[in-house]
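First up is the structure itself, then whatever we jot down about it.
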Amino acid sequence: MEREVRVRFAPSPTGPLHIGGVRTALYNYLLAKKVGGKMILRIEDTDQNRFVPGAEDYILESLKWCGIELDESPVVGGPYAPYRQSERKPMYMQYAMQLIESGHAYYAFDTAEELDAMRERLKAAKVATPQYNSITRNTMRNSLTLPEDEVKQLLDSGAPYVIRLKVPRKEEIRLKDLIRGWVMVHSSAIDDKVLMKSDGMPTYHLANIVDDHLMQITHVIRGEEWLPSAPLHVLLYRYLGWEDTMPEFAHLPLLLKPDGNGKLSKRDGDKLGFPVFPLRWTDPFTGEVSSGYRESGYLPEAFVNFLAFLGWNPGTQQELFTMDELADEFTIERIGKSGTRFDIQKARWFNEQYLRAKPDAELAKYLLAALEEHNISCTQEKAEKIAGLMKERVSFPQEFWREASYFFVAPTEYNEKVATKKWNSQAVAVFEDFKNELPALQNFNADSVKELLLGILERHNMKIGQVMQALRLAVTGAEAGPDLMQIIEVIGKEETVSRIGTAIEKLSQYATA
RNA sequence: GGUCCGUUCGUCUAGGGGUUAGGACUUCAGAUUUUCAUUCUGGCAACAGGGGUUCGAUUCCCCUACGGACUACCA
């Protein structure tokens, strides 16, 4: 019988979620959505020292912004609650004990100093991999080397201890990865991992196996950095007697820095010239602010589409996908194997595509919001018109205001290059007529304005190309922009006349030719 | 160092024993336009190297090189 697909995204709340984590969450979500399974968020907060306030809320908000919906989580709960490992603390010890009883784990009483000394000793002896393993455990202070009554006494006296997995000396561990195929690792390469820490918390290794089992997880989709410890996890499933319901594994290729030099990490912040976080993050300890995709003007649909393509592709020529389409097309088999360099240019391109596809009415909201900040009133109709004129020339919503403020504010400066090249007395003569005749124009709109201008040009024996740049300069102060006649239609008759008058005065120094 | 994973245009990638090695981003050129942008057309540009296997390898195998991850009482 096929089990219902249940996947989990299991971040630790040690700071903002970084973009690679978002992609991991996305792939999990897409698989669940595709097959009608469940998407679970589990907070892995077993390291109390690394707790960062606000991180969990940040994770929740990031997923929400991306449109990743959670079927079970710390906030909505679910049949396998709680979903925070710190709240599941009492559940782990029994499994560690089970492993001790079956001879697959043991108590260890070594201090940090003793562990350091052991590693130093091995290093000095030129041992390739200094680790706590089947050889070295015989020289350490643990329940395998100490007499039984001493162990009991230590335990009774409350001496600090950890529980370590007893990894077999010689054994091939096979692991089937959905992306890479069979991976073989020898047990000698794995050390006796700590399962329970001296503070009574489990380590990631134990906690994730116990929780995945208890929560009936069917697929573990996580970053490639987990691949080396995956065989260890297989061992745990086996020793706990859960191997027949062990989830399938898929280890995702890493997101690399643009230069290919190492994986993209949280610490890169804004150093690379682009955000590494979905949302803006303020470090609660240092106050340092890191920018986010949301605040930078990326639309969530574009961000998700872009992220999905970082390491996965549908095998067709289609590039633009809604979340539903992504879910339909998604398969783990089509995830690539190699690390993916991050290319912000592509993200920008996706954003432009989504921006242009949006209806003007929706884009107008961005402009209206910016206008409100500047205390400028504007009708919905006018904002829509401007959005329509601008949308093919912007990459981000903020640019509607930034690049088109001349729709609302008369220019105070004029592009000098255009002034030098295009502003001359012939053009001014045309503009004088234009300015004088405009007020009487009937049916004022882009077409009638153009007709009027054309008529004046004919009288002056000039062509439209000889004055358009200068007229644009007079009206907007800029060298480029949308159709000028449309701009004039939007700003209106009086404002146009006024701006032309102002320009004739202010630019008189250029009109010598 | 050890273990594991990887390697197709600058980047993301498709492909897969016989192809003019395809697309997208970037970039360049041309067309259109009142400017810029858009759009359209076109161009540059890749199978890491060496051995096998084979009639034939970019594709399968091995080695080398390079890159990456891991190597904590962190996840």
Side-chain angles (χ1 to χ4, degrees), chain A residues 10-14 44-47 49-50 85 108 110-112 115 119 123 126-132 160-164 175 177 179-180 183-186 188-191 193-205 207-208 222-231 251 253-254 256 258-263 306 309-319 334 336-350 352 356 390-395 403 415 418 422 450 453 463-473 476 478-485:
Chain A
S12 65
T14 55
E44 308 229 324
D45 54 351
T46 52
D47 187 350
N49 302 320
R50 294 209 305 162
Q85 288 183 331
D110 315 277
T111 62
L115 290 171
R119 293 197 183 97
K123 227 187 275 176
K126 300 235 161 53
V127 172
T129 47
Q131 56 183 18
Y132 208 118
Y161 67 89
V162 300
I163 294 175
R164 285 181 182 271
L175 159 85
D177 182 276
I179 295 173
R180 287 148 222 286
V183 175
M184 226 98 84
V185 181
H186 196 88
S188 62
I190 303 172
D191 59 352
K193 281 273 179 313
V194 170
L195 265 20
M196 292 296 295
K197 300 187 268 191
S198 55
D199 65 0
M201 276 288 197
T203 58
Y204 169 84
H205 301 293
N208 107 73
R222 83 239 278 200
E224 192 185 358
E225 69 267 28
W226 293 109
L227 194 51
S229 57
H251 290 94
L254 264 14
L256 273 19
D259 60 3
N261 208 225
K263 72 168 173 176
F306 163 69
F309 269 70
L310 245 33
W312 173 87
N313 78 85
T316 65
Q317 229 104 293
Q318 186 183 346
E319 305 244 28
R334 293 206 66 90
K337 293 173 170 44
S338 50
T340 305
R341 291 191 207 191
F342 193 84
D343 180 14
I344 194 67
Q345 289 283 3
K346 198 84 174 235
R348 189 190 175 94
W349 178 81
F350 272 109
E352 289 167 352
R356 281 164 207 164
M390 293 301 293
K391 71 175 174 186
E392 304 232 301
R393 48 218 320 133
V394 300
S395 304
E403 303 288 320
N415 181 290
V418 180
K422 304 286 182 180
K450 187 166 188 178
L453 179 64
K463 288 192 177 160
I464 195 163
Q466 294 175 270
V467 298
M468 280 306 261
Q469 277 286 76
L471 186 55
R472 177 181 297 280
L473 186 72
T476 71
E479 63 170 335
D483 184 277
L484 185 56
M485 297 305 148

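Numbers restart at 1 for each chain; the letters A, B, ... are given by sequence-line order, proteins then strands.
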Which one is paired to [N], where only Watson-Crick or G-U wobble pairs with both distances under 3.5 angstrom count?
N: rC44(B); value: none
N: rA57(B); value: none
N: rC70(B); value: rG2(B)
N: rU7(B); value: rA65(B)
N: rA37(B); value: none

Distance, rounded to the nearest Å, where [X] contributes [atom1] and [N] contributes [atom2]:
X: Phe309(A); N: rA14(B); atom1: CZ; atom2: C1'; value: 11 Å
X: Glu403(A); N: rA37(B); atom1: CD; atom2: C1'; value: 10 Å
X: His186(A); N: rU3(B); atom1: NE2; atom2: C1'; value: 12 Å
X: Phe342(A); N: rU13(B); atom1: CZ; atom2: P; value: 13 Å
X: Trp349(A); N: rU39(B); atom1: CH2; atom2: C1'; value: 14 Å
X: Lys463(A); N: rU35(B); atom1: NZ; atom2: C1'; value: 18 Å
X: Glu319(A); N: rA14(B); atom1: CD; atom2: P; value: 12 Å
X: Gln318(A); N: rU13(B); atom1: CD; atom2: C1'; value: 15 Å

What distance, rounded to whole Å, do you find between the two [atom1] atoms, one in [N] and one in [M]?
N: rC61(B); M: rC12(B); atom1: P; value: 23 Å
N: rU58(B); M: rG1(B); atom1: C1'; value: 34 Å
N: rC63(B); M: rA24(B); atom1: C1'; value: 35 Å
N: rU27(B); M: rU33(B); atom1: C1'; value: 23 Å
N: rU35(B); M: rC47(B); atom1: P; value: 42 Å
N: rG42(B); M: rC25(B); atom1: P; value: 14 Å
N: rU38(B); M: rG49(B); atom1: P; value: 36 Å
N: rU3(B); M: rG18(B); atom1: C1'; value: 39 Å

Contact check, side chains of [X] and [Y], non-hydrogen atoms, under 4.5 Å:
X: Lys337(A); Y: Ile179(A); result: yes
X: Leu471(A); Y: Leu453(A); result: yes
X: Leu254(A); Y: Glu225(A); result: yes

- prompt: What is the distance from atom CZ of Arg356(A) to atom CD of Glu352(A), rounded to the nearest 0.5 Å?
  reply: 4.5 Å
message: Which nucleotide wins on minimum distance to the side chain of Ser338(A), given the candidates rU3(B), rG23(B), rG6(B)?
response: rG6(B)
statement: Thr340(A) has its side chain closest, among rG6(B), rU3(B), rU13(B), to rU13(B)
- request: Sequence neighbours left out, what passes salt bridge (Lys or Arg N to Asp or Glu O under 4.0 Å) with Glu319(A)? Give chain and number order.
  value: none
Any donor-acceptor N or O pair under 3.5 Å, side chains His251(A), Arg222(A): yes
task: For the residue pair His205(A) and Trp226(A), categorise the inter-ring angle as parallel (less than 30°), tilted (30 to 60°) or perpendicular (more than 60°).
output: perpendicular
query: Under a 4.0 Å N-O cut-off, is there an ion pair linking Lys193(A) with Asp191(A)?
result: yes
Counting the atoms with a prime plus P, OP1 and OP2 as sugar-phosphate, which does [X] contact under 4.0 Å by heavy atoms, base, sugar-phosphate, or nothing?
X: Met201(A); answer: nothing
X: Gly311(A); answer: sugar-phosphate
X: Glu479(A); answer: base
X: Lys346(A); answer: base

field: Any residue meeting ring-ring contact (aromatic ring centres under 6.0 Å, His included) with Phe306(A), in chain and number order, not counting sequence neighbours
entry: Phe342(A)
Hey, does the side chain of [X] come within less than 4.0 Å of [N]'s phosphate (OP1/OP2), counting only N and O?
X: Asn313(A); N: rA14(B); result: yes
X: Arg341(A); N: rU11(B); result: yes
X: Arg348(A); N: rA24(B); result: no

query: When you match Ile464(A) and Val185(A) each to their closest nucleotide on RNA chain B, which lands nearer the 5' end?
result: Val185(A)
- prompt: Nucleotide by nucleotide, 5' to 3', does protein get under 4.0 Å of the base (B), only the sugar-phosphate (S), or neither (-) in nucleotides 67-75 of chain B, counting heavy atoms?
  reply: -SSS--BBB
query: Between Lys263(A) and Glu224(A), does a salt bridge (charged side-chain N to carboxylate O under 4.0 Å, His left out) hold up when you go through it step by step?
result: CA-CA 11 Å; Lys263(A) 72 168 173 176; Glu224(A) 192 185 358; over 6 Å; no
